[in-house]
Amino acid sequence: MLTHINEKGYAKMVDISKKDDTQRSAVAVATITVSEEVMDKIKNGQIKKGDVLSVAQVAGIMGAKNTSMNIPMCHQINLVGCDLEFEINDKDSSINIYATCKSLGKTGVEMEALNACSIAALTIYDMCKAIDKRMIISNIHLLEKTGGKSGNFKF
């Protein structure tokens, strides 16, 4: 039985009203690979649009908060926390973006963490595209989640 299809065969949002509120968390990651020139300019604050990682941090948080606006079947949830961390890898000229989202609610925050990473990566791309459009966003996936009926998950 498909959970997101109603009796007439149309898409629906699942009713979660009978589920208990539980503490939930999720951590996701995305990678953006850039040229050495772009990496040097990011690290030295030489991108004309501003401080790339600071802007990407805020954009990622906004992305998490707006997930239900981007993903049709996602519920609006009350995030109680969202944080992003950036890991610069000089060896392969890439940035790993880690997003951690937390809530106390009836449904998980996996999509919020994934959306946060994606939006942060897209923001980095947007801020650096004038220098080089060959950046690659990849490796977007869930690393772990806690809470809920399905229990804990670790990649």
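The basis for the numbers below is simple: all heavy atoms, side chains too, and nothing from hydrogens, waters or symmetry mates. The structure displayed is predicted, hence computed values, not measured ones.
- Side chain of Lys106 to backbone of Lys19: a donor-acceptor contact under 3.5 angstrom is found.
- For Met69, the CE atom is loosely surrounded, since the number of other residues' heavy atoms within 6.0 Å does not exceed 12.
- Lys133 contributes a side-chain N or O that, together with a main-chain N or O of Lys129, makes up a donor-acceptor pair within less than 3.5 Å.
- Leu143 and Met111 fall into different hydrophobic clusters, defined by Ile, Leu, Val, Met, Phe, Trp and Tyr side-chain heavy atoms under 4.5 Å apart, directly or through other members.
- Interatomic distance, Thr31 OG1 to Asn96 CG, rounded to the nearest 0.5 Å: 4.0 Å.
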For residues 75-84, which side-chain donor-acceptor pairs fall under 3.5 Å, sequence neighbours excluded?
{"from": "His75", "atom 1": "NE2", "to": "Val14", "atom 2": "O", "distance (Å)": "2.6"}
{"from": "Asp83", "atom 1": "OD1", "to": "Gln57", "atom 2": "NE2", "distance (Å)": "3.3"}

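- In terms of hydrophobic clustering, with Ile, Leu, Val, Met, Phe, Trp and Tyr side chains grouped at heavy-atom distances under 4.5 Å, Leu114 and Val27 are assigned to different clusters.
- In the hydrophobic cluster analysis, where Ile, Leu, Val, Met, Phe, Trp and Tyr join through side-chain heavy atoms closer than 4.5 angstrom, Ile140 is grouped apart from Val109.
- In this structure, Leu142 and Ala26 approach most closely via the heavy-atom pair CD1-CB, 4.0 Å.
- With Lys49 contributing its side chain and Asp126 its backbone, the two residues share a donor-acceptor pair below 3.5 Å.
- Going from atom OG of Ser94 over to atom CD1 of Ile32 covers 10.0 Å, rounded to the nearest 0.5 Å.
- Between the OG1 atom of Thr107 and the CE atom of Met13 there is a distance of 9.5 Å, given to the nearest 0.5 Å.
- Distance CG/Asn115 to OG/Ser68: 9.5 Å, rounded to 0.5 Å.
- Judged as a side-chain hydrogen bond (donor to acceptor under 3.5 Å, both in side chains), and not counting sequence neighbours, the contacts of Thr22 are Arg24.
- Between Ala30 and Cys117, the shortest heavy-atom contact is CB-CB, 3.6 Å.
- The two residues Ala64 and Ala116 come nearest to each other via the heavy atoms CB-CB, 4.0 Å.
- A search for side-chain hydrogen bond (donor to acceptor under 3.5 Å, both in side chains) contacts involving Asn152 returns nothing, not counting sequence neighbours.
- Atom NZ of Lys102 sits in a sparse spot, with 12 or fewer heavy atoms from other residues, nucleotides or ligands closer than 6.0 Å.
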>> Using the rule given for side chain to side chain contact (heavy atoms under 4.5 Å, CB included), can you reason through Glu87 versus Asn89, listing the C-alpha separation, both sets of side-chain angles and the distance that settles it, and then say yes or no?
In response: CA-CA 6 Å; Glu87 176 184 79; Asn89 300 305; 3.9 Å; yes
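- Sequence neighbours left out, the pairs with a member in residues 113-155 that pass ring pair (Phe, Tyr, Trp, His ring centres under 6.0 Å) are His141-Phe155.
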> Can you check side chain to side chain contact (heavy atoms under 4.5 Å, CB included) on Ile137 and Leu122, steps first, answer last?
Replying inline: CA-CA 8 Å; Ile137 297 170; Leu122 288 167; 3.7 Å; yes
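- Remark: the backbone N or O of Met62 is paired with a side-chain donor or acceptor of Asn66 at under 3.5 angstrom.
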>> Show, in sequence, the C-alpha distance, side-chain angles and deciding distance for Ile88 and Met39, and conclude whether the side chain to side chain contact (heavy atoms under 4.5 Å, CB included) test is met.
In response: CA-CA 9 Å; Ile88 293 176; Met39 183 63 79; 3.6 Å; yes
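- Separating the CG atom in Asp40 from the CG atom in Asp90 is a distance of 8.0 Å, to the nearest 0.5 Å.
- Shown here are the side-chain hydrogen bond (donor to acceptor under 3.5 Å, both in side chains) partners of Ser93, two or more places apart in sequence or in another chain: there are none.
- A donor-acceptor contact under 3.5 angstrom links the side chains of Ser25 and Thr146, judged on distance only.
- Atom CD1 of Ile42 is separated from atom CD of Glu37 by 11.0 Å, given to the nearest 0.5 angstrom.
- At least one donor-acceptor pair closer than 3.5 Å links the side chain of Asp132 to the backbone N or O of Arg134.
- In this structure, the side chain of Ser54 does not engage the main chain of Asp51 through any donor-acceptor pair within 3.5 Å.
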>> Would Glu112 and Ser103 count as a side chain to side chain contact (heavy atoms under 4.5 Å, CB included) here? Give the steps.
In response: CA-CA 10 Å; Glu112 286 71 15; Ser103 75; over 6 Å; no
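- Residues Ile97 and Val29 fall into different hydrophobic clusters, defined by Ile, Leu, Val, Met, Phe, Trp and Tyr side chains chained together at heavy-atom separations under 4.5 Å.
- Annotation for Gln23: atom CD does not count as buried by contact number, only 12 or fewer foreign heavy atoms lying within 6.0 Å.
- Under a 3.5 Å cut-off, the side chain of Asn44 and the backbone N or O of Gln46 do not form any donor-acceptor pair.
- Note: the hydrophobic cluster containing Ile61 also contains Ile71 (ILVMFWY, side chain heavy atoms under 4.5 Å, direct or indirect links).
- A 4.5 Å side-chain heavy-atom check between Val55 and Ile124 finds every atom pair outside the cut-off.
- Applying the side-chain hydrogen bond (donor to acceptor under 3.5 Å, both in side chains) criterion to Ser118, with sequence neighbours excluded, gives no partner residue.
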